[in-house]
Asks: 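Provided herewith is a single structure, encoded as structure tokens, for subsequent inquiry.
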Number of protein chains: 2
Amino acid sequence: MIDVFVADDHTLFAEGISQALAAIPDLHVAGTASGGVELIELAEKSRADVLLIDLEMPDLSGFEVLRRLGGSPPAIIVTMHADAERRSQAIEAGAKGFLSKSTPLPELAAAVRAVSAGLDLTPHTTTLRDVLDPYMEPSLDPGAASLTVRERELLTLLGEGVSLTEELAERLYISPKTVKNHLASIYEKLSISDRTQAAVEAIRLGLVDNR
Amino acid sequence: MIDVFVADDHTLFAEGISQALAAIPDLHVAGTASGGVELIELAEKSRADVLLIDLEMPDLSGFEVLRRLGGSPPAIIVTMHADAERRSQAIEAGAKGFLSKSTPLPELAAAVRAVSAGLDLTPHTTTLRDVLDPYMEPSLDPGAASLTVRERELLTLLGEGVSLTEELAERLYISPKTVKNHLASIYEKLSISDRTQAAVEAIRLGLVDNR
DNA sequence: GGAGAAATAGGGCGCCCGACCTATGGAGAG
DNA sequence: CTCTCCATAGGTCGGGCGCCCTATTTCTCC
């Protein structure tokens, strides 16, 4: 489970990409920020593994943010204008990756995984796809891999101690009956039989932010 | 929660001290060994935080064990004959503490906490009690501190995914009714209301070996 | 365009769980 | 020597949980 933090002054874009990333099994959005200052404040608290930063932000440019953070956590620059000059500036400022906003989602996900694993993507330019290739598939604990997005959401809540059907239903905006359906499905997939064991598994699988 | 490993060729002594340590809220016995060779094998696997080693062991003396382990994990020598010569030898071999077998249990516990925190007790001789003073009280998460030994045992099992009353009863050699009594007590002390939340708490409090 | 999966919602049933209550023996504190 | 706490054990009762069904809508995939 990799925690990603998204910063973009275009709120809609930040929201959209968050949704998209959250739907990927091994990625989790730790939070979003709509500006550089907010990003610096939140990035440390949220304990993100990887930052996705837009270059063009009104209060603090992506460059400045990179310098202040000093490479920890590692950051990937995502920009509308992926030209050579910005690219070299971003690298100089400490970016671990540099991607266009038109990058396909699976490739972005792969880049996140690669950077999270400690890779620096900036030395590679033309052969980027080859570098990312080993990271194209979600790497998730077997078992959790077979869970659907919704089932993972439910399981995460259980791992946080939300145990009552009624409360789970309210948190997910669905009927209690549906909660039970999802639970039954989770039990079968993980070879367990009640929510207590499910909570244990949720934590073991790293679905819960326990830091 | 500090994991302690006990090595002593006098099995009864090892067992006894294990029982005594396990009854202390913030200590947990990771395992025991009845000889130096066994100790070296098991100490690494068990991931103990602190070793308690008897000097007088038939196959490998405590001195030799200390040298082979090289100070990690930190070890406290416990001996029947706490004379100056053995003491200096033990320190030279890398012991972090040197105690007589007649040391009171609370003091031993304090020594374990101190060494676990990175302290080296060997420089201090006469003023040992003053050094240990800050470590005399169990340092445990508030909440877990109020739990009894038995309640903690039950909670630990829950955190490992043992959820059924019947199975919990078998594991603890008590009646299902008693299990329920303990559970009710745990719920009240931790301000929770079911075993799912209890399992979450057990893990959060570090009662479960999740390494 | 038909198959399959996922998310949604519901009904019924048996059993376990949690809440509340009493009770006894042993250990430690005063 | 009491008084309190802990561990043990038991009883009752209502409600929630897990298990087995069916069903519809919306996707994606070939």
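Only heavy atoms go into these numbers, but all of them, side chains included; no hydrogens, no water, no symmetry mates.
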Asks: Side chain of Thr178(B): nearest nucleotide among dA19(C), dC17(D), dT8(D)?
Replies: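 It is dT8(D).
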Asks: Would you indicate which nucleotide in dT8(C), dC19(D), dG18(C) comes nearest to any side-chain atom of Leu183(B)?
Replies: dG18(C)
Asks: Find the distance Ile174(A):CD1 to dG10(C):P and express it as a whole number of Å.
Replies: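 About 11 Å, once rounded to whole Å.
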Asks: Any donor-acceptor pair under 3.5 Å joining the side chain of Asn181(A) to the base of dA7(C)?
Replies: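 Side chain to base: no pair present.
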Asks: Report the distance from atom NE2 of His182(B) to atom C1' of dC17(C), rounded to the nearest whole Å.
Replies: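 Taking atom C1' of dC17(C) as the reference, NE2 of His182(B) is at 17 Å.
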Asks: Just how far, in rounded Å, is C1' of dG18(D) from CD1 of Ile192(A)?
Replies: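 To the nearest whole Å, that distance equals 12 Å.
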Asks: Taking atom CD as the centre, does Glu167(A) end up with more than 12 heavy-atom neighbours from other residues, nucleotides or ligands that are less than 6.0 angstrom away?
Replies: yes
Asks: Between dA7(D), dG18(C), dC17(D), which nucleotide gets closest to the side-chain atoms of Arg195(B)?
Replies: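 The answer is dG18(C).
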Asks: Could you measure the distance from the NZ atom of Lys96(A) to the CG atom of Leu66(A)? Nearest 0.5 Å is fine.
Replies: 9.0 Å
Asks: With sugar-phosphate meaning primed atoms plus P, OP1 and OP2, does Ser163(A) contact a base, only sugar-phosphate, or nothing at under 4.0 Å between heavy atoms?
Replies: sugar-phosphate
Asks: What is the distance, to the nearest angstrom, from the CD atom on Glu167(A) to the C1' atom on dG16(D)?
Replies: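 Atom-to-atom, Glu167(A) to dG16(D), this comes out as 14 Å.
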Asks: Taking CG from Asp194(A) and C1' from dG18(C), how many angstroms apart are they, rounded to a whole number?
Replies: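 Value for this atom pair: 14 Å.
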Asks: Starting from C1' on dG18(D), measure out to CD1 on Ile186(A) and report it in whole angstrom.
Replies: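 From Ile186(A) CD1 to dG18(D) C1': 13 Å.
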Asks: Please answer whether the main-chain N or O of Gln197(B) pairs with a side-chain N or O of Asp194(B) as donor and acceptor at a distance below 3.5 Å.
Replies: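 Yes, because the side chain of Asp194(B) sits within donor-acceptor range (under 3.5 Å) of the backbone of Gln197(B).
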Asks: Which is more 5' along DNA chain D, the nucleotide nearest Lys177(B) or the one nearest Ser193(A)? Just name the residue.
Replies: Lys177(B)
Asks: Between CG of Leu207(A) and CD1 of Ile203(A), what distance do you get to the nearest 0.5 Å?
Replies: 10.0 Å
Asks: Any side-chain N or O of Tyr187(A) below 4.0 angstrom from OP1/OP2 of dG18(D)?
Replies: yes
Asks: Arg150(A) CZ to dT8(C) C1': how many Å, rounded?
Replies: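 My rounded result for the distance is 10 Å.
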Asks: Picking from dA9(C), dA6(C), dC6(D), which would you name as closest to the side chain of Thr148(B)?
Replies: dC6(D)
Asks: By the 4.0 Å heavy-atom rule, please label Thr165(A) as base, sugar-phosphate, or nothing.
Replies: sugar-phosphate
Asks: What's the spacing between Glu160(A) CD and Thr196(B) OG1 if we round to 0.5 Å?
Replies: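 It is 13.5 Å, given to the nearest 0.5 Å.
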Asks: Please report, rounded to the nearest Å, how far the P atom of dC6(D) is from the CD atom of Glu188(B).
Replies: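 These atoms are roughly 11 Å apart.
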